[in-house]
S.K.: 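Below you'll find the structure I mean.
Please read all numbers here as calculations on a predicted model, not as lab measurements.
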Amino acid sequence: MKVRGQDVLLPATLVGAYPRPIYMEGKVFPVGVHEPEFVSYRMRELYHHAVSAAVHDMLDVGLDIVTDGGQYYENETGYEYAELFHAMAHKLEGYAGYGDRIQVGAFDLPIYKPTVLGDVAWRRPVYKPVIEAVREVSDAPLKVNVSLGPATLSALSTDQHYHDLKALSQDVAKAYNTEFKDLERRGVDLIQITEPLTFFEPEDWIISAINTAFDGVDAYKVVHICYGHEEGQPGILDLKGDRLFPWAFDLNCNQIHFQMASHEFAEVDSLRGWPADKDLGVGVVDIELLRVETPEQIAGWLHRLFGSVPPEQVSVSTDCGIASMRRNVAKAKLAAIVKGRDLARAQLTGS
């Protein structure tokens, strides 16, 4: 896989979210397209400190690609992933910050589905504060996890305006597209959306929405597909790889990231025939498990994978967001990614 134009064998990163430090409490970004960037100047300063701490942890263990660690997630509460669902919607025209309760898969979450009251459109930069906070700390390759993707956000909206999921998803996707081009202008290396497509039946409108969102975007584009989790509890128990692939190969992206560690790479055979024009990101640490994986375990999984996908097309990561854990455990998990990657890389190269 190429990182800033250079070939990197098995580059290491995380999906996005990382535990907040103990001094971080409450909401960081206010609700509303016309609201200030931060709820207060004090919270702006605290957020920048939290991002600095998260990025230092990532660089300390040797990750190749950093994120802001999702330090605006209120993961000290039972509403851990609310901001994943709401961050984009709260800053788009047409959305309101309330709605029906989210009930999907095994989840009955205390999180609302944001309400659509009018035409959805982009009005202002959404993730600009994220980029600025990371760039104060490091110029390392940066991935921005841009909330739920347009397909999942549309499906999990309380639609009181369009009454047509495909039409809603296209306008949401066009708003995302404008945000992505803004991120690209600001020098973001990787743009990632979270689309837990294991919850959906494969349908054309999903591919169309994601491809509209990425249309004309030259930055490296990642679609993260997972089985969902809240406080370590999975949202889908049945494996869906055989249903997702090759259907998902039509996505207009550079990489599909897939949750693999939680089921010990049981879906390797579903990845056979992986296309040459896409990289594969794989989770090699289970974010639903406190025990830290060994380098030998991770390297063994990767060598099983290489029978289906060439190592030159593989990136290693967490299964999903790792914000539910204590920070010392989460950092140990990130270190395990790098140690397992290094062992697999040495076995491949003989060095």
Side-chain angles (χ1 to χ4, degrees), residues 3 11-29 37-39 42-77 79-84 86-87 126-147 183 186-194 222 224 226 229 231-232 257 281 283-287 290 292 315-339 341:
V3 179
T13 185
L14 72 165
V15 166
Y18 188 71
R20 297 215 284 190
I22 58 174
Y23 54 78
M24 282 296 284
E25 294 181 355
K27 187 172 287 296
V28 173
F29 303 136
E37 285 187 339
F38 292 89
V39 296
R42 173 180 171 78
M43 183 53 75
R44 180 189 187 278
E45 189 164 340
L46 286 170
Y47 172 71
H48 278 242
H49 280 292
V51 169
S52 176
V55 172
H56 276 116
D57 277 1
M58 297 172 205
L59 296 175
D60 186 46
V61 302
L63 295 188
D64 300 288
I65 299 161
V66 303
T67 74
D68 78 318
Q71 295 297 292
Y72 53 92
Y73 289 15
E74 294 182 71
N75 54 46
E76 71 278 5
T77 75
Y79 298 80
E80 175 186 10
Y81 284 109
E83 288 301 306
L84 174 67
H86 298 154
V126 179
Y127 283 88
K128 168 178 167 284
V130 169
I131 300 166
E132 291 174 344
V134 175
R135 285 297 176 236
E136 273 191 5
V137 185
S138 173
D139 63 357
L142 169 62
K143 177 173 67 175
V144 172
N145 182 39
V146 184
S147 191
L183 294 178
R186 296 178 191 278
V188 171
D189 299 276
L190 297 88
I191 299 171
Q192 176 180 283
I193 55 175
T194 295
V222 183
H224 165 57
C226 65
H229 85 100
E231 299 291 349
H257 178 277
V284 296
V285 294
D286 183 356
I287 49 78
L290 288 176
V292 177
S315 172
V316 293
S317 179
T318 53
D319 260 354
C320 196
I322 199 167
S324 301
M325 296 183 172
R326 290 184 183 273
R327 189 168 155 192
N328 59 335
V329 178
K331 185 176 181 181
K333 288 268 188 178
L334 297 189
I337 294 173
V338 176
K339 292 173 184 176
R341 182 278 308 273

S.K.: State, to 0.1 Å, how close Val66 and Val134 come at their nearest heavy-atom pair, and which atoms those are.
M.R.: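 Closest pair (atom of Val66, atom of Val134, distance): CG2-CG1, 4.2 Å.
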S.K.: How long is the gap from CD1 on Ile322 to CD1 on Ile337, to the nearest 0.5 Å?
M.R.: 6.5 Å
S.K.: Between Ala50 and Gln71, which heavy-atom pair has the shortest distance, and what is it?
M.R.: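 Between these two residues, the closest heavy atoms are CB-OE1, 3.4 Å.
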S.K.: Closer than 3.5 angstrom, by distance alone: can the side chain of Asp64 be matched with the main-chain N or O of Ala12 as a donor-acceptor pair?
M.R.: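 Yes, the answer is positive, given that a donor and an acceptor are paired below the 3.5 Å cut-off.
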S.K.: Using 0.5 Å steps for rounding, measure from the SG atom of Cys320 to the NE2 atom of His224.
M.R.: 3.5 Å
S.K.: For Lys331, I'd like to know if atom NZ has over 12 heavy atoms of other residues, nucleotides or ligands within 6.0 Å.
M.R.: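 Enclosed: over 12 neighbouring heavy atoms sit under 6.0 Å from NZ of Lys331.
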S.K.: Say whether, by atom type as modelled, one donor and one acceptor occur between the side chain of His49 and the main chain of Met24 under 3.5 angstrom.
M.R.: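 Between the backbone of Met24 and the side chain of His49 there is no qualifying donor-acceptor contact (under 3.5 Å).
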S.K.: Is there a donor-acceptor pair closer than 3.5 Å between any side-chain N or O of Ser317 and the backbone N or O of Val15?
M.R.: yes
S.K.: I'd like to know whether Arg135 forms a salt bridge (charged side-chain N to carboxylate O under 4.0 Å, His left out) with Asp189, so could you lay out the CA-CA distance, the side-chain angles of the two residues, the decisive distance to 0.1 Å, and finally the verdict.
M.R.: CA-CA 12 Å; Arg135 285 297 176 236; Asp189 299 276; 3.4 Å; yes
S.K.: side-chain contact (heavy atoms from CB on, under 4.5 Å) with Val144: which of Ile131, Val222, Ile191, Val126?
M.R.: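 So the option named by the test is Ile131.
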S.K.: How far apart are the closest heavy atoms of Leu190 and Val188, and which atoms are they?
M.R.: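 Taking every non-hydrogen atom into account, O-CG1, 3.1 Å.
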S.K.: Take a 6.0 Å sphere around CD of Glu45 and say whether it holds more than 12 heavy atoms from other residues, nucleotides or ligands.
M.R.: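 Atom CD in Glu45 is not packed in, count stays at 12 or less.
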S.K.: Using the rule given for side-chain contact (heavy atoms from CB on, under 4.5 Å), can you reason through Thr13 versus Ser315, listing the C-alpha separation, both sets of side-chain angles and the distance that settles it, and then say yes or no?
M.R.: CA-CA 8 Å; Thr13 185; Ser315 172; 4.2 Å; yes
S.K.: Is the shortest distance from a Lys or Arg side-chain nitrogen in Arg44 or Glu37 to a carboxylate oxygen in the other one below 4.0 Å?
M.R.: no
S.K.: Applying side-chain hydrogen bond (donor to acceptor under 3.5 Å, both in side chains) to Glu136 and His48, what does each step give before you reach the verdict?
M.R.: CA-CA 8 Å; Glu136 273 191 5; His48 278 242; 3.0 Å; yes
S.K.: Under a 4.5 Å cut-off applied to non-hydrogen side-chain atoms, are His56 and Val137 in contact?
M.R.: yes
S.K.: How are the rings of Phe29 and Tyr47 set to each other: parallel, tilted or perpendicular (split at 30° and 60°)?
M.R.: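 Answer is perpendicular, since the angle exceeds 60°.
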S.K.: Does the side chain of Glu25 reach to within under 4.5 Å of the side chain of Glu76, using non-hydrogen atoms?
M.R.: yes
S.K.: Work out which heavy atom in Val61 is nearest to a heavy atom in Leu334; give both atom names and the distance.
M.R.: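 Reported closest heavy-atom pair: CG2-CB, 3.9 Å.
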S.K.: Can you name the closest pair of heavy atoms from Ala336 and Val292 and give their distance?
M.R.: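 What the structure gives for the nearest pair is CB-CG1, 3.7 Å.
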S.K.: Roughly how far apart are Leu46 CG and Arg20 CZ, rounded to 0.5 Å?
M.R.: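 Rounded to the nearest 0.5 Å, the CG-CZ separation comes out at 9.5 Å.
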S.K.: Roughly how far, to the nearest 0.5 Å, is the CD atom of Glu132 from the CZ atom of Arg186?
M.R.: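 Arg186 atom CZ to Glu132 atom CD measures 6.5 Å (nearest 0.5 Å).
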S.K.: Looking at OG1 of Thr67 and NZ of Lys143, how far apart are the two atoms once the value is rounded to the nearest 0.5 Å?
M.R.: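 If we round to the nearest 0.5 Å, Thr67:OG1 and Lys143:NZ are 7.0 Å apart.
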S.K.: Locate the shortest heavy-atom distance separating Glu83 from Ser147; write the atom from each residue and the value.
M.R.: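 Closest pair (atom of Glu83, atom of Ser147, distance): O-OG, 4.2 Å.
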S.K.: How far does CG of Asp68 sit from CG of Leu142, to the nearest 0.5 angstrom?
M.R.: 8.0 Å
S.K.: Any heavy-atom pair between the side chains of Thr194 and Leu84 that's under 4.5 Å?
M.R.: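 Counting from C-beta outward, Leu84 and Thr194 do come under 4.5 Å.
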S.K.: Quick one: are Arg327 and Pro21 in side-chain contact, heavy atoms under 4.5 Å?
M.R.: yes
